[in-house]
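Written below as structure tokens is the structure these notes are about.
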Amino acid sequence: MINDNIIDIKKRVSEAARRSGRNPEEVTIVAVTKTVPVERIEEALMSGVAILGENRVQEARSKVDKLAKPIIWHLVGHLQSNKARDAVKIFSLIHSVDSLHLAEAIDKEAARINKVQDVLIQVNVSGERSKFGIEPKDAEALLKDCEGLKNIKVTGFMTIPPDVDNPEDVRMDFRRLRELRDSLNERRTTNDELRILSMGMSHDFEVAIEEGATMVRIGRGIFGERNN
Ligand SMILES: *Cc1c(COP(=O)(O)O)cnc(C)c1O
């Protein structure tokens, strides 16, 4: 079943990309494994999933020990500064940096292990409808502050729009994140482009891809409904 789901998701990713004139290979699938037991994660790995996303550091840590294979882990959920030490050891990409305080904590812990930690800035493009992420107007300042930190590298942006029944209702949120990325890229003085747009989950990833997502975070669409 997991294998069938993955085939189906990949097909829908490709179709959404082609519909909007994009190359399907521009879109990376992150399989979100929160609450999913390791046996089922192993099934997904055998079906060709390469990147796993968790939203809690502790849960990821226990799975890292149980899954012996080389796996790329992403943190997609909120991170508390006091968990930064474990987070930099586990995750290739942290999607959820939304304050300078957190960025500094990650930078400090990454420096201890001689790592440059890739991160995304999480932006709240939905206004009061969403409670996570930095305000769009503050994104540029946070980006500049992060450039002053040696052990952190911002590679793009992430957003979590409100959970709506009709994904068309959040299309504008996705578009706003893309426009924000593009305008920040235009104003950038360094020449490394910010490419990643992490947006879209099981119920809205096709709309997100049509609006430019380069990374979609899929949980239920791969593993089925979570029962806790
Ligand atoms: C759980 C979660 C997802 C996946 O959600 P699904 O609806 O299961 O696809 C994606 N991103 C974040 C931040 C999550 O917490």
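In each ligand, atom 1 is the first atom listed, and ligand 1 is the first ligand listed.
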Ligand 1 contact by His95, heavy-atom criterion under 4.0 angstrom: no
Glu54: which of Arg61, Lys34, Lys63 passes salt bridge (Lys or Arg N to Asp or Glu O under 4.0 Å): Lys63
Hydrophobic cluster identity match, Phe223 and Val32, side-chain contacts under 4.5 Å: no
Thr155 vs Asp118, side chain to side chain donor-acceptor pair (under 3.5 Å): CA-CA, chis, key distance, verdict: CA-CA 6 Å; Thr155 58; Asp118 283 351; 5.1 Å; no
Under 3.5 Å: donor-acceptor pair, side chain of Ser198, backbone of Met158: no
Side-chain donor or acceptor of Thr28 paired with backbone N/O of Met215 under 3.5 Å: no
Those atoms of ligand 1 less than 4.0 Å from some heavy atom in [X]:
{"X": "Ile160", "value": "13 (C)"}
{"X": "Lys34", "value": "1 (C), 2 (C), 3 (C), 14 (C), 15 (O)"}
{"X": "Ile218", "value": "9 (O)"}

Nearest non-hydrogen atom to [atom] belongs to which of [options]?
{"atom": "atom 7 (O) of ligand 1", "options": "Glu225, Arg220, Met201", "answer": "Arg220"}
{"atom": "atom 13 (C) of ligand 1", "options": "Thr33, Val32, Val76", "answer": "Val76"}
{"atom": "atom 10 (C) of ligand 1", "options": "His74, Arg217, Arg226", "answer": "Arg217"}

Residue portion contacting ligand 1 (non-hydrogen atoms closer than 4.0 Å) for Asn55: side chain
4.5 Å side-chain heavy-atom contact, Leu120 and Leu93: yes
Worked check of salt bridge (Lys or Arg N to Asp or Glu O under 4.0 Å) between Lys108 and Glu104: CA-CA 6 Å; Lys108 180 170 148 235; Glu104 286 172 343; over 6 Å; no
N or O contact, Gly219 vs ligand 1, cut-off under 3.5 Å: yes
Top protein contact for atom 9 (O) of ligand 1, by heavy-atom distance: Ser202 OG, 2.4 Å
